[in-house]
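Everything on this sheet refers to the single structure shown next.
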Amino acid sequence: MTNKYISSEDYRKMLVRDGDRRFQEWHSQYLHYQKQYWNQPVKGRKVK
């Protein structure tokens, strides 16, 4: 088996794509929890 090396630029692009994917996963979960928070009734808060 031979080792295949990738260029630093290709590696950087892979890291950026992975970072973007992780951020999208986190952000989707954040928005989901935020929506749940705002939709739950809270004592003392007037809901229109």
Side-chain angles (χ1 to χ4, degrees):
M1 182 165 120
T2 60
N3 291 333
K4 181 183 175 194
Y5 294 99
I6 60 173
S7 71
S8 59
E9 181 63 19
D10 288 339
Y11 184 66
R12 185 194 68 78
K13 288 177 184 177
M14 287 171 47
L15 290 177
V16 168
R17 281 193 303 268
D18 186 55
D20 288 341
R21 179 188 58 80
R22 289 173 184 250
F23 175 79
Q24 287 301 323
E25 288 175 3
W26 170 84
H27 192 60
S28 295
Q29 285 295 320
Y30 172 79
L31 292 177
H32 174 74
Y33 290 125
Q34 183 184 49
K35 186 176 179 181
Q36 283 182 328
Y37 172 80
W38 287 115
N39 287 334
Q40 71 182 359
V42 177
K43 282 186 175 181
R45 187 169 78 179
K46 293 181 180 179
V47 179
K48 295 180 181 180

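A quick note: this is a predicted structure, and the numbers were derived from the prediction, not measured. Values below: all heavy atoms of this structure, side chains included; hydrogens, waters and symmetry mates excluded.
For Arg21 and Asp18, the salt-bridge test passes: some basic side-chain N is under 4.0 Å from an acidic carboxylate O.
A distance of 10.0 Å separates CZ in Arg17 from CZ in Arg12, rounded to the nearest 0.5 Å. For the atom pair NE2 of His27 and CG of Asp20, the computed distance is 12.5 Å after rounding to the nearest 0.5 Å.
Checked against His32 for a side chain to side chain contact (heavy atoms under 4.5 Å, CB included), the options Lys35, Gln36, Gln34 give a single hit: Gln36.
There is no path of hydrophobic side-chain contacts, each under 4.5 Å, that joins Trp38 to Tyr33.
Applying the side chain to side chain contact (heavy atoms under 4.5 Å, CB included) test to Ser7 and every residue at least two apart in sequence or in another chain returns Glu9, Asp10. Not a single ring-ring contact (aromatic ring centres under 6.0 Å, His included) links Tyr5 to another residue, sequence neighbours left out.
A tilted orientation is assigned to the rings of Trp26 and Phe23, their planes being inclined by 30° to 60°.
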